[in-house]
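Every chain is numbered from 1, with letters handed out A, B, ... down the list of sequences.
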There are 2 protein chains.
Amino acid sequence: MPVAPLFRPIDVAPAYQKVADAIEREIVNGRIKPGDPIGTEHDLVRQFGVNRSTIREGIRVLEEGGLIRRDSSRRLHACLPRYSKLASRLSRALVLHEVTFRELYEASMTLEVASIEGAVERASEENVAELADNLARSEAVVGNPAMLAECDAEFHVLVAKASQNRVLQLAREPAAQLFYPTTEMIVTGVAEGGPRLVAAHRHLIDAIRRRDREAGVLWTRRHLQDWRRGFEKIASLDRSVEHMYMEHAQAARRR
Amino acid sequence: MPVAPLFRPIDVAPAYQKVADAIEREIVNGRIKPGDPIGTEHDLVRQFGVNRSTIREGIRVLEEGGLIRRDSSRRLHACLPRYSKLASRLSRALVLHEVTFRELYEASMTLEVASIEGAVERASEENVAELADNLARSEAVVGNPAMLAECDAEFHVLVAKASQNRVLQLAREPAAQLFYPTTEMIVTGVAEGGPRLVAAHRHLIDAIRRRDREAGVLWTRRHLQDWRRGFEKIASLDRSVEHMYMEHAQAARRR
DNA sequence: ACTCTAACTTTGTCGGACAAAGGGACAGAA
DNA sequence: TTCTGTCCCTTTGTCCGACAAAGTTAGAGT
């Protein structure tokens, strides 16, 4: 016979966790707004009535979660979590779960197509200008695989931004971060890779300008299929993402 | 005139960060495998030659990132970051960025359709069984909005799982976590909401069983449109996601 | 072989300490 | 006035040592 639920489970979280939770609550429910100062560690010691070491452990948790940062003078502020930083956590997780390039490819096909559709529909003048600027820089470094791969990654971030849909922007980022290093390898290994990549970007900008959804989708598909063909010259799609790719995601996180 | 780049910026990361980075590197590059013990704090003090407080701050960073956990006896282990925990970080970020329900809806339309397509193509017997089990439980609680909403959230997690694409699984989760609380409100407010929801699930399972892609996509669209219609009876799609929704995501994180 | 207890280890927290770096005020130089 | 160097105070990052509570291990006794 089950016992009558006389007692609720009591909260036995360690103190540093409670400190972190308390500050998190205030930020998430909006009482502390992004940019607001949190106060010094000593202030927090007084407010929470715990030791500074405990406060500091709590602060580390929030810092890692992207909810607070230290400014140039190391003072604490609430802040809006940055997508690229959060996404690199996810990229890391995907690597550890040993996802395959096939999964990456399939998901990206969906996400990038959705991005371009949004961009075609809603891109602003400024979005297009950013994309055009990126294209110009890409054309200038078409012979440099590393820099071209970086431009490519930025290009797709800008397309997602142009979609004006931040959920999509965030959803595509983890997979995109894992693509980036392979793009470099492919452009290095496949002679016509660089020019084809830049040409695809040019068509994509054109499609956005003309609000031509069909063309946007078509060229996004081609662009990704190009990646796939290039990749399959190097390795199998069923290979899992290698640990070494994390270096790039780590670099992105610190930025 | 720009100065010749004689010096590189020097690395002045604090000690606790270096500790965290060093351990993270070993985990991510695979030298420490998930499940492996990390050693006691005292061990780490000896190995890194820094104070225990410093070690502990580094550990908090890794713990929050999901790379290590403490087992029942509080000993440290490397572990695979859990999707739902990471996703709740993203949900939190989306709330803070004040994304609109329109963004959520549009992105989910893409992501859930992609999930069902994958599920129709690749769902295993076991996946279908899990879905059927979920459906049975849903039917049993069709009069209870809170429990039905929970079942609905689980259903879509299971569909994504059935797609066998972990990238997709991860990408859809942050948006899905924000959907969940509204589902409850809608089912509460709209009389025929519950039965329609369950009926849609039944059709989806059926589509997966028959490997009928068209039907799967169709019913996913209808299911989401139902949500939208229900939501618009309550509020505008252009409203931003409210802070209160975070409670659910926070609960998910702790699990 | 099993249980119970005592000793040991580990974690979470505390208090205090100090060097390095930043910010602010202030005086003197250009 | 504007700039610069100096002094002082605050804050952070790190260290040391300590202790209670909870978990682990080993040994005693059955």
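Ring centers of B/His97 and A/Tyr83: under 6.0 Å apart, within the cut-off.
We find that A/Asp21 and A/Arg25 are not joined by a salt bridge, their nearest charged nitrogen and carboxylate oxygen being 4.0 Å or further apart.
Separating the CD1 atom of A/Ile38 from the C1' atom of D/dT12 is a distance of 16 Å, rounded to the nearest angstrom. Rounded to a whole Å, the CZ atom of A/Arg69 is 17 Å from the P atom of D/dT12. The separation between B/His77 atom NE2 and C/dT11 atom P is 11 Å, rounded to whole Å. Counting to the nearest Å, the P atom of C/dG12 and the OH atom of A/Tyr16 are 6 Å from each other. For B/Arg70 and C/dT10, the CZ to C1' distance is 9 Å, given to the nearest whole Å. We find that NE2 of A/His42 is positioned 13 Å from C1' of C/dG15, with the value rounded to whole Å. Between the CG atom of B/Asn51 and the C1' atom of D/dT14 there is a distance of 7 Å, given to the nearest Å. In this structure, the CD1 atom of B/Ile55 is 18 Å from the C1' atom of C/dT13, given to the nearest Å.
Heavy-atom distances to DNA chain C give each of B/Thr40 and A/Gly49 a nearest nucleotide, and the one nearer the 5′ end belongs to B/Thr40. Residues A/Glu57 and A/Ser73 each lie close to DNA chain C; by heavy-atom proximity, the contact nearer the 5' end of the strand is made by A/Glu57.
Between A/Arg52 and C/dG15 there is no side-chain polar atom (N or O) within less than 4.0 angstrom of OP1 or OP2. Between A/Arg60 and D/dG13 there is a side-chain polar atom (N or O) within less than 4.0 angstrom of OP1 or OP2. Considering only side-chain N and O atoms, A/Arg75 lies nowhere under 4.0 angstrom from the phosphate OP1 or OP2 of C/dG23. In this structure, A/Thr54 reaches the C/dC14 phosphate: one of its side-chain N or O atoms is under 4.0 Å from OP1 or OP2.
If you check every strand for non-hydrogen atoms under 4.0 Å, A/Arg56 touches a base.
Side chain of B/Asn134 to main chain of B/Cys151: a donor-acceptor pair is present (N/O by atom type, distance under 3.5 Å, no hydrogens or angles).
Here D/dT14 is the nucleotide among D/dC15, D/dT14, C/dT13 with the atom lying nearest to any side-chain atom of B/Pro14.
Between the CG atom of B/Leu67 and the CZ atom of A/Arg89 there is a distance of 8.5 Å, given to the nearest 0.5 Å.
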Exercise. Step by step, would you call A/Arg60 with A/Glu57 a salt bridge (Lys or Arg N to Asp or Glu O under 4.0 Å)?
Worked result: CA-CA 5 Å; A/Arg60 293 298 157 242; A/Glu57 290 188 35; over 6 Å; no
